[in-house]
J.: 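Here it is: the structure, laid out below.
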Amino acid sequence: MIAFARRYTAKLALMVLATLVAVGCQTTPKSDEGRRMMPPPRIPFQPYSVQASVRVAEGRYPNLFTGTSHAVWENALPDAAMMSKETATTEAKMEAIEQGEDPAAAETKALEDARMRAATPSGPIEITCYLESQFPDMSVAYDVVGLRGLEFHLELPDGRQLMPIQKTLDPELSETPVGALRRYGRKVRLYFPAQVIVVDNPAVSGPGKGVRLVLEGHESQFYFEWPARPDVRASAKKPLPTREVMAFSRRAYQGVARRAKNISHEFD
């Protein structure tokens, strides 16, 4: 009986403590909660995979390009190129603690700044298109693999468009007979203005619209799309209990523990 009572009172103490902490966290003042709860971080865009296959958006001639046509994002950064969390944040956290500021917020800001610097391209955004066409009108097929008669641009997740600054054609044109038709193939390299493209972190907000290379012409629209690479290290911070809540919970637990001890002695 005594052992049962002691187990019961100990369990009661733990249940009361959990309730106090939960209530305390829910009643965190709005001012402190705003300081502690940080919005989902935005990260510099890096493609999840450098290669993207051609897709038909809409139009009269969905067979303008063959399904083997694809594009490659050339200057994507490997994970190793991004500054490590420890290097980017240790100094910022120490400085925040010395100044009485929130070290978690300083850590997030320092890491975001470091990744922005690491992701800043040293030159234009470079995309290589490997285009093939077996369109019945062979003159059209010949033209579209060199992007002649087509308009093209990069479409960012926020809806902005980047226009190309340069296009270069590979001098080699492949030509393969396929029955009465011919399949043409060519490599085209496109350059867009150098800049950091900032997106919502898919590790927090979930998959979203990626960066698209859009091709338009001949009453048709095609695109290549690169989803953003998630960054699990930049996940949003969870709200932390305030010092007042922690102190209140500590005092409450001590009171409950004393009461539980007194009750257990009644069974001795």
J.: Can you name the side chain to side chain contact (heavy atoms under 4.5 Å, CB included) partners of I165, sequence neighbours left out?
T.: P124, Y191, P193

J.: Quick one, P157 and V211 - any side-chain contact, counting heavy atoms below 4.5 Å?
T.: yes

J.: Return the set of residues passing side chain to side chain donor-acceptor pair (under 3.5 Å) with E219 (not counting sequence neighbours), or none when no residue passes.
T.: R60

J.: Kindly compute the distance separating CG (L215) from CG (L64), expressed to the nearest 0.5 Å.
T.: 9.5 Å

J.: Give a yes or no answer on whether the side chain of Q46 reaches the backbone of A76 with a donor-acceptor pair at less than 3.5 Å.
T.: no

J.: I'd like to check the side chain to side chain donor-acceptor pair (under 3.5 Å) partners of R186; sequence neighbours left out, ordered by chain and number.
T.: none

J.: Please list, chain by chain and in numerical order, all residues satisfying side chain to side chain contact (heavy atoms under 4.5 Å, CB included) with P230, sequence neighbours excluded.
T.: Y48, N201, P202, A203

J.: State, without any angle test, whether Q221 and E58 hold a side-chain donor-acceptor pair at a distance under 3.5 Å.
T.: no

J.: Verify whether one side chain among T66 and Q134 offers a donor that lies under 3.5 Å from an acceptor in the other.
T.: no

J.: Please report the closest heavy-atom contact between R229 and I43, naming both atoms and the distance.
T.: O-CD1, 3.6 Å

J.: Which value, rounded to the nearest 0.5 Å, describes the distance between I197 atom CD1 and F192 atom CZ?
T.: 10.0 Å

J.: Test side-chain contact (heavy atoms from CB on, under 4.5 Å) on S133 and N63 and set out the steps.
T.: CA-CA 8 Å; S133 180; N63 60 336; over 6 Å; no

J.: Can you list the residues that meet the salt bridge (charged side-chain N to carboxylate O under 4.0 Å, His left out) rule with R183, with sequence neighbours excluded?
T.: none

J.: My understanding is that only residues two or more places apart in sequence, or in another chain, count here; which of them pass side chain to side chain donor-acceptor pair (under 3.5 Å) with E151?
T.: none

J.: Linking I/L/V/M/F/W/Y whenever any side-chain heavy atoms sit under 4.5 Å apart, do V199 and L156 land together?
T.: yes

J.: Crowded around Q166 CD? As in, over 12 foreign heavy atoms under 6.0 Å?
T.: yes

J.: Using the side-chain contact (heavy atoms from CB on, under 4.5 Å) rule, take I127 and E74 through it: C-alpha gap first, then chi angles, then the decisive distance, then the call.
T.: CA-CA 6 Å; I127 297 175; E74 296 289 355; 5.9 Å; no

J.: Check the pair F135 / V144 against side-chain contact (heavy atoms from CB on, under 4.5 Å), numbers first and verdict last.
T.: CA-CA 10 Å; F135 195 64; V144 295; 6.0 Å; no

J.: Calculate, to the nearest 0.5 Å, the distance between atoms CG and SG belonging to L147 and C129 respectively.
T.: 6.0 Å

J.: Which ILVMFWY residues can you reach from Y223 by hopping between side chains whose heavy atoms are under 4.5 Å apart?
T.: V214

J.: Checking side-chain hydrogen bond (donor to acceptor under 3.5 Å, both in side chains) between E155 and each of R212, K209, R160, which is the one that passes?
T.: K209

J.: Measure across E225 and A52 and return the closest heavy-atom pair with its distance rounded to 0.1 Å.
T.: O-CB, 3.3 Å

J.: What are the two closest non-hydrogen atoms of G185 and L173, and how far apart are they?
T.: O-CD1, 3.3 Å

J.: Measuring from H70:NE2 to T128:OG1, what's the distance to the nearest 0.5 Å?
T.: 9.0 Å

J.: For D137, check side chain to side chain donor-acceptor pair (under 3.5 Å) against everything at least two apart and list the hits.
T.: S139

J.: Pairs in or reaching into residues 140-163: which pass ring pair (Phe, Tyr, Trp, His ring centres under 6.0 Å), with residues at least two apart or in two chains?
T.: Y142-Y184

J.: On a heavy-atom basis, which atom in S49 and which in W226 lie closest, and how many Å separate them?
T.: O-CD1, 3.1 Å

J.: Rest of the hydrophobic cluster containing V50 (Ile/Leu/Val/Met/Phe/Trp/Tyr, side-chain heavy atoms under 4.5 Å)?
T.: V72, Y130

J.: Could you state the interatomic distance from OG1 (T176) to CG (L181), rounded to the nearest 0.5 Å?
T.: 12.0 Å

J.: Which residues pass the side chain to side chain contact (heavy atoms under 4.5 Å, CB included) test with V54, not counting sequence neighbours?
T.: S69, F222, F224

J.: CZ/R189 to CG/D170 distance, rounded to the nearest 0.5 angstrom?
T.: 8.5 Å

J.: For N75 and I125, work out which heavy atoms get closest and say how close.
T.: ND2-CA, 3.6 Å

J.: Got a sec, which residues hit side chain to side chain contact (heavy atoms under 4.5 Å, CB included) with S53, two or more places apart in sequence or on another chain?
T.: none

J.: Dump the intermediate steps for side-chain contact (heavy atoms from CB on, under 4.5 Å) on M163 and L154, then the final yes or no.
T.: CA-CA 7 Å; M163 306 309 294; L154 272 187; over 6 Å; no

